[in-house]
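So you know, we letter chains A, B, ... as the sequences are listed, proteins then strands, and number each from 1.
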Protein chains: 2
Amino acid sequence: MESKEVLKAHLAKLAVLTDEQFEYLFSHFTKQTFKKGQVIITEGDMVNCEYFVIRGCLKSFSINDDLKMFILQFAMPTWWASDYNALYNQTKATINVDCISDTEVLCITNADREKLCNELHQLEHFFRWRTNRGYVATQKRLLSFMNNNIKHRYEELLKSYPELYNTVPKNLIAAYLGVSRETLSRLS
Amino acid sequence: MESKEVLKAHLAKLAVLTDEQFEYLFSHFTKQTFKKGQVIITEGDMVNCEYFVIRGCLKSFSINDDLKMFILQFAMPTWWASDYNALYNQTKATINVDCISDTEVLCITNADREKLCNELHQLEHFFRWRTNRGYVATQKRLLSFMNNNIKHRYEELLKSYPELYNTVPKNLIAAYLGVSRETLSRLS
DNA sequence: AAAGTTGTGTGATATAGATCACATTCGGAA
DNA sequence: TTCCGAATGTGATCTATATCACACAACTTT
């Protein structure tokens with residue numbers, strides 16, 4: 001399936017758009033490809049775009065003062081990624097985004113998204129629901145952190161995203177779960 | 001200031017609405033008052049409404065298998081609260097909401113919010129941005145959990161919400177920060 | 001004012017997970 | 001095919017925080 005079709009099918013789940021409307025909004029996206037390990041957003045830089053993953057896998061992450069990495073999000077195909085704090089508030093990035101594997105994305109600027117949301121009520125509806133879902137998912141993750149032990153969280157993660165088990169090295173899974181790779185390895 | 005004025009001023013920060021439009025949407029809200037300790041949402045129940053706090057303070061929280069409470073959110077005046085996971089997906093509540101002090105709220109049903117968002121593009125815009133902010137705030141909290149020690153997180157919280165220091169007992173602050181009250185007490 | 005209830009401080013001990021150290025396996029590049 | 005770095009497993013400590021236990025202060029309620 002072509003990237004255009006992937007986006008169209010994705011939008012159709014939450015928004016009703018005519019073909020003309022879709023063609024119009026699609027003209028605001030640009031296709032980009034990256035190699036494994038390439039960096040897309042670097043801490044400290046300004047952020048202008050968000051990325052819709054077509055193929056491959058991204059991670060967004062931060063490095064703390066002790067040089068420990070924490071992964072905020074993996075982004076598999078049909079997921080969106082950016083530093084939303086920086087993007088929405090037009091401030092410098094506080095997180096990084098890079099490629100876990102060779103990746104193809106569709107990219108749209110913050111300004112274009114806002115313009116399109118203003119022009120197309122249905123698109124504003126789509127983006128409201130995308131954020132609603134992200135908000136609820138992040139709250140759930142916070143609750144899981146506080147309420148469940150690591151083993152439980154690991155099993156929960158693998159149940160929700162079985163594809164991660166083979167795609168993503170264990171040290172990255174550990175960085176997502178917020179434990180050391182040694183502890184993850186000892187789980188069972 | 002009357003509750004109607006509070007909501008109007010709050011909406012005006014992100015949406016442009018005529019007086020008629022505001023009156024129309026306000027007619028969908030109902031005013032409710034609760035006493036300190038009263039429960040608004042109970043785990044396991046269905047959730048139909050979300051609440052805009054006018055006066056007082058709410059907390060949303062979960063209790064895990066070890067009977068430990070984790071506070072997902074405090075809701076001070078002009079904050080919104082509900083179990084959004086349950087509300088958006090029309091499933092049973094997994095968190096509780098109750099009153100830290102005597103509280104007055106404006107209440108709107110999920111169905112009415114969706115209806116109004118569909119009728120008024122500007123309101124959909126408002127709710128998209130409200131969730132955007134909530135999403136970013138929750139991500140920041142997750143990052144702070146992983147990257148900062150308790151003392152740092154406590155100071156960060158008091159800097160962001162100094163009113164909590166005198167309003168909310170320390171055991172609840174501990175439950176929000178995800179530490180025992182003893183550890184919080186030993187901090188400085 | 002007495003009595004219960006809720007909130008807070010602090011010592012002693014227990015424990016989950018981090019950290020350090022090293023061995024082993026695996027997959028890609030020369 | 002060999003070599004090197006990345007990924008993984010596992011033992012031996014270390015440490016931050018939880019847990020238990022108690023004292024006391026600060027409120028409500030009667």
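- dC27(D) atom P lies 11 Å from atom NZ of K36(B), rounded to whole Å.
- Atom CZ in R153(A) sits roughly 12 Å away from atom C1' in dA16(C) (whole-Å rounding).
- Rounded to a whole Å, the CD1 atom of I100(B) is 18 Å from the P atom of dC27(D).
- Per the geometry, NZ belonging to K170(B) stands 22 Å off P belonging to dC24(D), to the nearest Å.
- A cation-pi geometry, defined here as NZ or CZ lying under 6.0 Å from the six-membered ring centre and within 45° of its normal, does not hold between K151(B) and Y154(B).
- For D66(B) and dC20(D), the CG to P distance is 10 Å, given to the nearest whole Å.
- Both R186(A) and N171(B) sit near DNA chain C, but only N171(B) has its closest nucleotide nearer the 5' end.
- Atoms CD (E182(B)) and C1' (dA23(D)) sit 14 Å apart, rounded to a whole Å.
- Using a distance-only test at 3.5 Å, with no hydrogens or angles considered, no donor-acceptor pair links the side chain of D66(B) to the main chain of K68(B).
- We find that CG of L187(B) is positioned 12 Å from P of dT10(C), with the value rounded to whole Å.
- Rounded to a whole Å, the CG atom of L184(B) is 15 Å from the P atom of dT19(D).
- Between T183(B) and dT17(D), a side-chain N or O to OP1/OP2 separation shorter than 4.0 Å is absent.
- Between T18(A) atom OG1 and Y24(A) atom OH the span is 12.0 Å, to the nearest 0.5 Å.
- Side-chain atoms of K68(B) lie closest to dT19(D) of the nucleotides dT19(C), dT19(D), dG9(D).
- The side chain to side chain contact (heavy atoms under 4.5 Å, CB included) test with F26(B) is passed by exactly one of I108(B), L11(B), L7(B): L7(B).
- For V179(A), taking side-chain heavy atoms from C-beta onward, the closest of the listed nucleotides dG17(C), dT17(D), dG9(D) is dG17(C).
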